[in-house]
Participant: 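Before I ask anything, here is the structure I am working with.
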Amino acid sequence: MDSFVFLGFGLDAWITIVTVLAMFTVLLFTRLRSDVVFLCAVGILYVTGVLDTKETLSGISQASVAVVAVLFVVIAGLMHTGVLQWIVKNLLGTPNTYTKAVTRLMLPVAALSSFLSNTTVVALFVNIVKMWAKKLGVSPSKLLIPLSYASGMGGVCTLIGTPPNLIISGLYEEKTGEAMNILATTIPGLFCLAVGVLSIIAMRRLLPDRKSPESAFESTGDYTVEMLVPSDNPHIGKTIGELGLNTVSGGSLVELRHFDDEQILSPVPDDEPLMGGDRLVYAGQIGDLLELEMSHCLVNADHHVFHYNDTPKGKHNLRTAYITFGSHLIGTKMGTNGFEKEHKVTLVAVSRRGSRIEQMPREVVLRAGDTLLLESLNELKSDTQSMSHDLHFFESEDLPNIGVRTLISSLIMIAMVTLSALGVLPLLQCAILAVFAMFIFRCCSPEQAMRSINWDILMVFACSAVLGLAIQKTGIAERLATGILDICGTNPIVVMTAICLAGTFITEFISNTAAGAMFFPIMYEAAEKLGYEPFPFLIALMIAVSSSFATPIGSPTHMLVYGPGGYRFSDFLKIGLIMNLIILAANILIVNIIYPLTPLP
C-alpha cells in the first residue's frame, strides 16, 4: 500500500484529493449543511488512516478557532448595548450624488467589518440601506452589492476581520513560532478598499437597476391572500353575491377553488355557492383583506386548519423573509412542504425580483432569493432561529437601549484591539479579557453570549485547518507548489499572482475559510522553494481568498443582499469578474511595496 504511486501521488494523497473534490462537489450541488460536509470529509481522512487521532483533533485545539469563538461573544456585547445600531443610524446622512452615497456607505461598513463579523454588519445595514436608497431616489440594487463588497474588503484589514486571516495567521504561527500583528494586513487592505470604492464608482453602470422585492408589497393592489372556508362556517350554502365576497374593502376576489376540485373559477360568478373547504384568492390591501377572517369567519389558508373556532384570534404579525441559498424550501411549494404547519406561519404573498408572482402563493415553486410575506398570530421571535437555515429575517425585534453600556462596550473593543496591536498580550488573551469585561459591566448576559456563538462556523473553521494539514502531510502541497513553479518559472511575483488568482477563483464556490486553509500549505511551500520568506506571500493570500465578488454564493454577505436587491446570478458576474481582477492587481502591487520580498537566510 505504501508503495502505491500514481502521477507522483501516493495512496494517502489520492484519498485526500478525492475527498476534497467530493466535498467541493457536495457543497456546490446539494443543500447539505457545510459543517456536516466538512466533518464527514475529516472523518473519511481519519478512518482511512490519512490522519491519526491527534491530527484529526488538531483543528479544535487551534488558538485561531478559540479566538473566533470568543470574538462572537465580544460582538454580542456590542450588539446588545446598541453600538452597531447607533453607528448605522447616525452614519449615512443625505449625500446628493451617487458617488458620495457609495463612499458614505462603503467606508463605514468596511471599518466596522475590520473588527466585527461581516455577516452581522451587512445584516444590520440591509434594511437601513433599503430605506436610505428610497430616500435618495436610488434603486437599492445600486447600493446593496457595494454594501456586500465593502464588508468583504474591510474584513481583510485586520486579522480578526475575517476567518481566513485568523486561520492563515494561526497556521503561520504554528510553522514559524512567530505571531502576526493584528494590523499586519491593514495598509494593504486599506489600499485595496480604496481601489475597490473607486472601481465601484467608475463601473456603476454595471450595477443593475432592479426593483426592490418589497416594492411588490407596498402597492395596495399587489397582494395575493389565500383564504379558506372552514367546515363550520355559518355562511356555507350562500352565494358569493349574497355574501358580497366578490368585491370587498381593500381588494377583490381573483380565484375560487372548491374542495377536492382542481378546477379554478376566475372570474368568480356571483351565483357560485360557498362550500366548506373552498379556497378564495384575493388581491388587494393586506390589512383590509385579513379582516375577512372576522367579518366572514374565514381563515388564512393553511391546509391543516379546517375549523374557524380552532384558529386563535389575535393580532396579525407580518414579517418579510428571504429564501437563502441551500434552503430546503427551494424547488418546493408551501402548499405541500409542511413548513407552515411546522413553524405555525402562513404564506401570504411571494415576490421575485421585485414583482409579485401572479398565482396562488402556496402553489408557487420557490427559488433562492424569493421574498416571502409571512403571517403569524405569534410574535415569531422564538421561532425565527429555527427557520434561519431556510429563511433570513432582517427586521430586528430587539431594540437595544443606547446608554452608558454602549460607551463601555465600545471602549472594551478598542482596548482589546490596542493591546493586541501593541503586542502587550496575545490576541486570544485580549479577547478573553474583553469577554470578562463584557460580563462584568453587564454588556451581555452569559445566555446571550452562548446564543451568539455560531457553532456551524466554528466547525467549518476547525475542519478546514485539518484538511489543510492533510494536504500538506500527504505531499499534495509540495507537488502542487512544484507544478506551479514549473509552469510559472521562478519569478516570485508571478508565482504569488498565480496562486492568489487560483485562490480567488476557488473562493467563489467554497467558503473563504476553507480556501485559506487549503492554499496556505501550497503558498508556503512555493515561497520556501523559491527561497523567500513566506510572510508577504501569505498576506497576499489572505486578501485573495476574501476577494470573492463574482457569484452570490461566494460569500454569506452576498446571499444576504441577493434577495433584498432583487438580483439575478448574472448581476454579480458582470461587475464581479472585473472586480476580482482589479483587486488582485491592487493586492499584488501593494503587498510587494509594503512587504518587500526577503530571501531566506
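Only heavy atoms go into these numbers, but all of them, side chains included; no hydrogens, no water, no symmetry mates.
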Participant: Please name all residues satisfying side-chain contact (heavy atoms from CB on, under 4.5 Å) with Val20, sequence neighbours left out, ordered by chain then number.
Facilitator: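 Val20 satisfies side-chain contact (heavy atoms from CB on, under 4.5 Å) with Thr16, Phe24, Met518 once adjacent residues are dropped.
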Participant: Testing Leu274, Leu245, Asn233 for side-chain contact (heavy atoms from CB on, under 4.5 Å) with His296, which one passes?
Facilitator: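 That would be Leu245.
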Participant: Give a yes or no on whether the backbone of Leu280 and the side-chain of Arg257 come within a donor-acceptor separation of less than 3.5 Å.
Facilitator: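 Looks like no, no N/O pair under 3.5 Å.
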Participant: Measure the shortest side-chain to side-chain distance between Arg442 and Arg405 over non-hydrogen atoms and say whether it is less than 4.5 angstrom.
Facilitator: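 They are in side-chain contact.
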Participant: Using side chain to side chain contact (heavy atoms under 4.5 Å, CB included), reason through Tyr98 and Leu207 one step at a time and then give a plain yes or no.
Facilitator: CA-CA 12 Å; Tyr98 180 78; Leu207 290 168; 3.0 Å; yes
Participant: Step by step, would you call Arg367 with Ile323 a side chain to side chain contact (heavy atoms under 4.5 Å, CB included)?
Facilitator: CA-CA 7 Å; Arg367 299 181 188 173; Ile323 297 180; over 6 Å; no
Participant: Give me the atom names and distance for the closest heavy-atom approach of Pro208 to Ile145.
Facilitator: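 What the structure gives for the nearest pair is CD-CD1, 4.4 Å.
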Participant: Who passes ring-ring contact (aromatic ring centres under 6.0 Å, His included) against Phe572, sequence neighbours left out?
Facilitator: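 With neighbours one apart ignored, the set is His558, Tyr567.
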Participant: Report, as yes or no, whether the 6.0 Å neighbourhood of atom CZ on Phe441 holds more than 12 heavy atoms from other residues, nucleotides or ligands.
Facilitator: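 Incorrect, the count does not exceed 12.
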Participant: Phe505: what forms a ring-ring contact (aromatic ring centres under 6.0 Å, His included) with it, not counting sequence neighbours?
Facilitator: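 With neighbours one apart ignored, the set is Phe509.
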Participant: Looking only at heavy atoms, which two atoms of Tyr149 and Gly576 are closest? And how far apart?
Facilitator: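 Shortest heavy-atom separation between Tyr149 and Gly576 comes out as OH-CA, 3.5 Å.
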Participant: With sequence neighbours excluded, give me every salt bridge (charged side-chain N to carboxylate O under 4.0 Å, His left out) pair touching residues 235-247.
Facilitator: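 Non-adjacent pairs meeting salt bridge (charged side-chain N to carboxylate O under 4.0 Å, His left out): zero.
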Participant: Testing the basics here: between Cys463 and Phe38, what is the closest heavy-atom pair and its distance to 0.1 Å?
Facilitator: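 Nearest heavy atoms, Cys463 then Phe38: CB-CB, 3.7 Å.
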Participant: Answer yes if the side chains of Ser151 and Ser113 hold a donor-acceptor pair under 3.5 Å, and no otherwise.
Facilitator: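 Per modelled atom types, Ser151 and Ser113 side chains form no pair under 3.5 Å.
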Participant: Tell me the closest heavy-atom pair linking Ile236 and Pro230, and the distance in Å.
Facilitator: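 In terms of heavy atoms, the two residues are closest at CD1-O, 3.6 Å.
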Participant: I'd like to know if the side chain of Thr99 pairs up with that of Thr97 as donor and acceptor (distance under 3.5 Å, no hydrogens or angles considered).
Facilitator: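 Judged by distance alone, the side chains do not pair up.
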Participant: Excluding sequence neighbours, so at least two apart, what forms side-chain contact (heavy atoms from CB on, under 4.5 Å) with Pro163?
Facilitator: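 Pro163 satisfies side-chain contact (heavy atoms from CB on, under 4.5 Å) with Phe461, Thr513 once adjacent residues are dropped.
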Participant: For Ala111, which residues count as a side-chain contact (heavy atoms from CB on, under 4.5 Å) partner, sequence neighbours excluded?
Facilitator: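 In terms of side-chain contact (heavy atoms from CB on, under 4.5 Å), with neighbours along the sequence ignored, Ala111 is linked to no residue.
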Participant: side-chain contact (heavy atoms from CB on, under 4.5 Å) with Ala150: which residues, sequence neighbours excluded?
Facilitator: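 side-chain contact (heavy atoms from CB on, under 4.5 Å) check on Ala150 returns Met106, Val109.
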Participant: side-chain hydrogen bond (donor to acceptor under 3.5 Å, both in side chains) with Thr162: which residues, sequence neighbours excluded?
Facilitator: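 Applying side-chain hydrogen bond (donor to acceptor under 3.5 Å, both in side chains) to Thr162 gives none.
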Participant: Closest approach of Asn118 and Gly161, non-hydrogen atoms and distance?
Facilitator: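 Closest approach of Asn118 to Gly161: OD1-O, 3.2 Å.
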Participant: Is there side-chain contact between Leu329 and Phe339, with at least one heavy-atom pair below 4.5 Å?
Facilitator: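 In short, these two side chains touch, coming nearer than 4.5 Å.
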Participant: side-chain hydrogen bond (donor to acceptor under 3.5 Å, both in side chains) with Lys574: which residues, sequence neighbours excluded?
Facilitator: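 side-chain hydrogen bond (donor to acceptor under 3.5 Å, both in side chains) check on Lys574 returns nothing, list empty.
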Participant: Can you list everything that forms a salt bridge (charged side-chain N to carboxylate O under 4.0 Å, His left out) with Lys333? Sequence neighbours excluded, please.
Facilitator: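 Applying salt bridge (charged side-chain N to carboxylate O under 4.0 Å, His left out) to Lys333 gives Glu363.
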Participant: Dump the intermediate steps for side chain to side chain contact (heavy atoms under 4.5 Å, CB included) on Met203 and Ile578, then the final yes or no.
Facilitator: CA-CA 9 Å; Met203 297 188 295; Ile578 300 174; 3.4 Å; yes
Participant: Please enumerate all residues that pass side-chain hydrogen bond (donor to acceptor under 3.5 Å, both in side chains) together with Thr507, with sequence neighbours excluded.
Facilitator: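 With sequence neighbours excluded, Thr507 shows a side-chain hydrogen bond (donor to acceptor under 3.5 Å, both in side chains) to no residue whatsoever.
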Participant: If you apply the rule side chain to side chain contact (heavy atoms under 4.5 Å, CB included), what do you find for Leu366 with Ile330, and how did you get there?
Facilitator: CA-CA 5 Å; Leu366 301 172; Ile330 296 172; over 6 Å; no
Participant: Nearest 0.5 angstrom please: Ser464 OG to Asn512 CG, how far?
Facilitator: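 Between Ser464 OG and Asn512 CG, I get 9.0 Å after rounding to 0.5 Å.
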Participant: Please identify each residue that fulfils ring-ring contact (aromatic ring centres under 6.0 Å, His included) with Phe72, with sequence neighbours left out.
Facilitator: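 Applying ring-ring contact (aromatic ring centres under 6.0 Å, His included) to Phe72 gives none.
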Participant: Might you point out which heavy atoms bring Thr551 and Glu508 nearest each other, and give the distance in Å?
Facilitator: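 Minimum heavy-atom contact is OG1-O, 2.8 Å.
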Participant: Keeping the roles fixed (side chain from Arg204, backbone from Ile201), state whether a donor-acceptor pair exists under 3.5 Å.
Facilitator: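 At least one qualifying donor-acceptor pair exists.
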